[in-house]
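Please read the structure below before turning to the comments.
The analysis underlying the following values was restricted to heavy atoms, covering all of them including side chains, and did not include hydrogens, waters or symmetry mates. Quick note on labels: first sequence line is chain A, next is B, and so on, each numbered from 1. Here the structure is a predicted model, which means the values were calculated and not measured.
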Number of protein chains: 2
Amino acid sequence: MQKIGQELIQHGIKPSLIRIKVYDYLKKDKDHPDAEKIFTALRKEIPTLSLTSVYNALKVLTKNKLIREIMIEEDEIRYDGFIEQHAHFKCIKCKKIFDVNLKYKNYLKFDELKKAKILDEHIYFIGICENCLNKEIVEHDRKNKR
Amino acid sequence: MQKIGQELIQHGIKPSLIRIKVYDYLKKDKDHPDAEKIFTALRKEIPTLSLTSVYNALKVLTKNKLIREIMIEEDEIRYDGFIEQHAHFKCIKCKKIFDVNLKYKNYLKFDELKKAKILDEHIYFIGICENCLNKEIVEHDRKNKR
DNA sequence: TTTTACAATTGTAATAATTACAAAATTAAA
DNA sequence: TTTAATTTTGTAATTATTACAATTGTAAAA
Ligand SMILES: [Mn+2]
Ligand SMILES: [Mn+2]
Ligand SMILES: [Zn+2]
Ligand SMILES: [Zn+2]
């Protein structure tokens, strides 16, 4: 908690309670939550919290590169408390976003971009996760009477 | 034109005029336009065209994998008439989206995703393109009286 | 040709996540 | 304490996309 405050300061962010709590929450919730989920969770601790404040905190944290916005489907921004380079997989059934380790990071250098300034990089997959695939099989079997 | 109709049929799409025109437009405009841009361009040929029809056509073409949606910034969907695997670079200054060739496609296989069904894959970079970088330098020099 | 059915197109209204903005509260400085 | 600056809140605005019902177009059936 104290540590998180320090981290914010080091990144040039004034460590207000809300900012600390939002960042702390993102470090704990590995599901890449959206603003609403963070808001709902933190409101239990901070009953006066507003959704706008969550958005404000997320914007500041993003701008100062403590967290990352993840845009996969167009109707929502998800947030990631971990900025180390990695990819994502989003399941269209359960909407979960999973981390995917990037083995060969060096292969993501492109001659075509040599003269451009790259600020951000995103790799993601969309599909159906193992768990939801299994559910589909069960459901299919049930319909066909075993 | 006739050819495009055939292509739609092969993908199970009834080749209406609007669908053909939208697809044809996407094959020609390499800037990854949004629905509005397509609409504005095609309205010159088809004065009765509605924006909804453009969206409808884009949805059908996307579902049947003739085109691709590109979501990079959360406030817009851009469309790509080319579905061969490739990456993108979006310039935050001029908003252009450039194609980036993927050299080592085989490195994008992940053990963690072996049991999942992957339907789609996206790689993109965000930054400032060469052209806009040069403009910035010129602007900077001008301010400092060269 | 006329009728009927179906699909495509249109126009308008609804949706909903995010942002804008101004007022209130909090914190820091003088 | 007084003042200024920043953060938080509540509400309203924004805006790209979607929903939906009415209209139009098409193509087969009678
Ligand atoms: Mn992640
Ligand atoms: Mn492309
Ligand atoms: Zn799933
Ligand atoms: Zn540019």
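- At whole-Å resolution of the value, NZ in Lys59(B) and C1' in dT9(C) are 17 Å apart.
- Residue pairs satisfying the salt bridge (Lys or Arg N to Asp or Glu O under 4.0 Å) criterion with at least one member in residues 46-57 of chain B, sequence neighbours excluded, are absent.
- End-to-end axis angle for the helix from dT1(C)-dA30(D) to dA30(C)-dT1(D), using five pairs per end and rounding to 10°, comes out at 10°.
- Looking only at distances, no side-chain donor or acceptor of Lys117(B) sits under 3.5 Å from a matching main-chain atom of Gly127(A).
- Between the CG atom of Asp34(A) and the P atom of dA17(C) there is a distance of 8 Å, rounded to whole Å.
- Side-chain atoms of Arg19(A) never come within 3.5 Å of backbone atoms of Ile13(A) as a donor-acceptor pair (strictly under, hydrogens ignored).
- Regarding Lys21(B), its NZ atom lies at a distance of 19 Å from the P atom of dA8(C), rounded to whole Å.
- Sequence neighbours left out, the pairs with a member in residues 38-53 of chain B that pass salt bridge (Lys or Arg N to Asp or Glu O under 4.0 Å) are Lys21(B)-Glu45(B).
- The distance from atom CZ of Phe39(B) to atom P of dT9(C) is 14 Å, rounded to the nearest whole Å.
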Working for side chain to side chain donor-acceptor pair (under 3.5 Å), residues His32(A) and His88(A)
CA-CA 10 Å; His32(A) 308 84; His88(A) 291 110; 3.2 Å; yes
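- Side chain of Glu69(B) to main chain of Arg78(B): no donor-acceptor pair is present (N/O by atom type, distance under 3.5 Å, no hydrogens or angles).
- For the segment residues 72-80 of chain B, residues with any heavy atom less than 4.0 angstrom from an atom of DNA chain D are, sorted by number, Asp75(B), Glu76(B), Ile77(B).
- Residues meeting the side chain to side chain contact (heavy atoms under 4.5 Å, CB included) test with Glu130(B), sequence neighbours left out: Lys115(A), Asn134(B).
- Checked options Lys37(A), Lys95(A), Lys90(A); the residue passing with Asp31(A) is Lys37(A) (criterion: salt bridge (charged side-chain N to carboxylate O under 4.0 Å, His left out)).
- Close to dT17(D), at under 4.0 Å from its OP1 or OP2, lies a side-chain N or O of Tyr55(B).
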Counting primed atoms plus P, OP1 and OP2 as sugar-phosphate and everything else as base, spell out the protein contacts along nucleotides 6-14 of chain D at 4.0 Å heavy-atom distance: B, S or - for each nucleotide, 5' to 3'.
SSSBBB---
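- Cluster membership for Ile4(A) and Phe82(A), using ILVMFWY side-chain heavy atoms within less than 4.5 angstrom, is not shared.
- By the 30° and 60° cut-offs, the orientation of the rings of Phe125(B) relative to Phe110(A) is perpendicular.
- If you take CG of Leu51(B) and P of dA14(C), they are 18 Å apart, rounded to a whole angstrom.
- Taken together through direct or relayed side-chain contacts under 4.5 Å among Ile, Leu, Val, Met, Phe, Trp and Tyr, Ile83(A) and Tyr25(A) form parts of separate hydrophobic clusters.
- Atom C1' of nucleotide dA8(C) and atom CG of Leu61(B) are separated by 14 Å, given to the nearest angstrom.
- If you measure from atom CD of Glu36(B) to atom P of dT18(D), you get 14 Å, rounded to the nearest angstrom.
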